[in-house]
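Below is one structure, written out as structure tokens; comments come after it.
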Amino acid sequence: MAEQRADELVHYAVTGGVATITLDSPRNRNALSAQLRRELTEGLERAVSDAGVRVIVLDHTGPVFCAGMDLKEARGAGAGDQGVNEFPRILERIWTSPKPVVAKLAGPARAGGVGIVAAADIVVAADTATFAFTEVRIGVVPAIISVTVLPRLHARAAHELFLTGETFDAARAAEIGLINSAVPAERLDDEVRRYTAALALGGPNALAATKELLRTPREPDMATAFERMNALSVGFFASQEGQEGITAFTEKRAPNWVPAQATEH
């Protein structure tokens, strides 16, 4: 299902439980203009609120995934008018989405675009894609994106790349934890489908709770941690979703939440 207006910069389509949100502003390298930010926010909210959507994919047209903030709009704007004021909401929505978010990169990401990449749960990039934290080179700080990027990156790599602004390739991005997979461009679609099919097999409530678990700080006391995790575990074992999953397993069938198009790889 696809709906598209002639003047929109972000397209939204749902197929087989996968909502694809596509950045389509190649004239400015999919920079985060006011219109693109607004439409991206709307697309994310729409996907999160749609019970039929199981997985969200962030895609793009043109050779660049996202060049970061639209510097033409930022030039001359005061502190209260800068687009970065709205950007945290986008990153937080991706990070806290109860539905898994997969980012698909056929080309480069820079600055704020890398923040979006880091906010996603799973990232697949063509092996020709490149990345850079270019902020310091124009006299600004990678402050907002640090909230999503720093939990992903190895500390030494973060110091090096934030401070130098140097470009690095997809293989390095995978090595330091920024992305999950770097594949030849012709395999990009297949790799994304592999991940979305695997994600669609998980129970919706279980996936949402697991995402929350992954971003929750660890308890310093092991006994307290086990007590809290045991309560979470037994609650899901006894839940309607958990009982359906257990029953489906014993009956050797797919649980009722698995979309018809999803197949295990």
Check whether any side-chain N or O of [X] sits under 3.5 Å from a backbone N or O of [Y] as a donor-acceptor pair, and report yes or no.
{"X": "R46", "Y": "A19", "answer": "no"}
{"X": "R29", "Y": "G62", "answer": "no"}
{"X": "K211", "Y": "A206", "answer": "no"}
{"X": "W95", "Y": "A120", "answer": "no"}
{"X": "K104", "Y": "H60", "answer": "no"}
{"X": "T196", "Y": "V192", "answer": "yes"}
{"X": "S97", "Y": "R93", "answer": "no"}
{"X": "R228", "Y": "A223", "answer": "no"}
{"X": "R152", "Y": "L178", "answer": "no"}
{"X": "S239", "Y": "F236", "answer": "yes"}

Who are the side chain to side chain contact (heavy atoms under 4.5 Å, CB included) partners of P220, not counting sequence neighbours?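 Partners of P220 by the side chain to side chain contact (heavy atoms under 4.5 Å, CB included) criterion come out as none, since no residue qualifies.
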**OP:** List in chain and number order the residues that pass ring-ring contact (aromatic ring centres under 6.0 Å, His included) with F162, two or more places apart in sequence or in another chain; answer none if no residue qualifies.
**Re:**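 Partners of F162 by the ring-ring contact (aromatic ring centres under 6.0 Å, His included) criterion, ordered by chain and then number, come out as F133.
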Classify the side-chain pair [X]/[Y] by whether it contains a donor and acceptor separated by less than 3.5 Å.
{"X": "N28", "Y": "S25", "value": "yes"}
{"X": "T247", "Y": "R253", "value": "no"}
{"X": "Q35", "Y": "E39", "value": "yes"}

Following the transitive rule for hydrophobic clusters with a side-chain heavy-atom cut-off under 4.5 Å over Ile, Leu, Val, Met, Phe, Trp and Tyr, establish whether [X] and [Y] coincide in one cluster.
{"X": "V114", "Y": "I122", "result": "no"}
{"X": "V102", "Y": "V149", "result": "no"}
{"X": "L40", "Y": "V48", "result": "yes"}

Taking atom [atom1] of [X] as the centre, report whether more than 12 heavy atoms of other residues, nucleotides or ligands fall under 6.0 Å from it.
{"X": "R110", "atom1": "CZ", "answer": "yes"}
{"X": "R215", "atom1": "CZ", "answer": "yes"}
{"X": "E227", "atom1": "CD", "answer": "no"}
{"X": "E251", "atom1": "CD", "answer": "yes"}
{"X": "Q243", "atom1": "CD", "answer": "yes"}

Discussion item. Assess whether a salt bridge exists between E8 and R38, defined as any Lys/Arg side-chain N lying under 4.0 Å from an Asp/Glu carboxylate O.
Written reply: no
Original post:
Ion pair present between R37 and E42, side-chain N to carboxylate O less than 4.0 angstrom?
Top reply: no
Using 0.5 Å steps for rounding, measure from the [atom1] atom of [X] to the [atom2] atom of [Y].
{"X": "L153", "Y": "L161", "atom1": "CG", "atom2": "CG", "result": "7.0 Å"}
{"X": "M229", "Y": "T224", "atom1": "CE", "atom2": "OG1", "result": "11.0 Å"}
{"X": "D59", "Y": "I21", "atom1": "CG", "atom2": "CD1", "result": "10.5 Å"}
{"X": "E212", "Y": "L207", "atom1": "CD", "atom2": "CG", "result": "13.0 Å"}

Minimal heavy-atom distance between L188 and A125, with the atoms involved, is CD1-C, 3.8 Å
Nearest heavy-atom contact between C66 and N30 is SG-O, 3.2 Å
From the list I94, T20, L23, side chain to side chain contact (heavy atoms under 4.5 Å, CB included) with L58 holds only for I94
Contacts satisfying side-chain hydrogen bond (donor to acceptor under 3.5 Å, both in side chains) that involve residues 174-187 (not counting sequence neighbours) are S181-E191
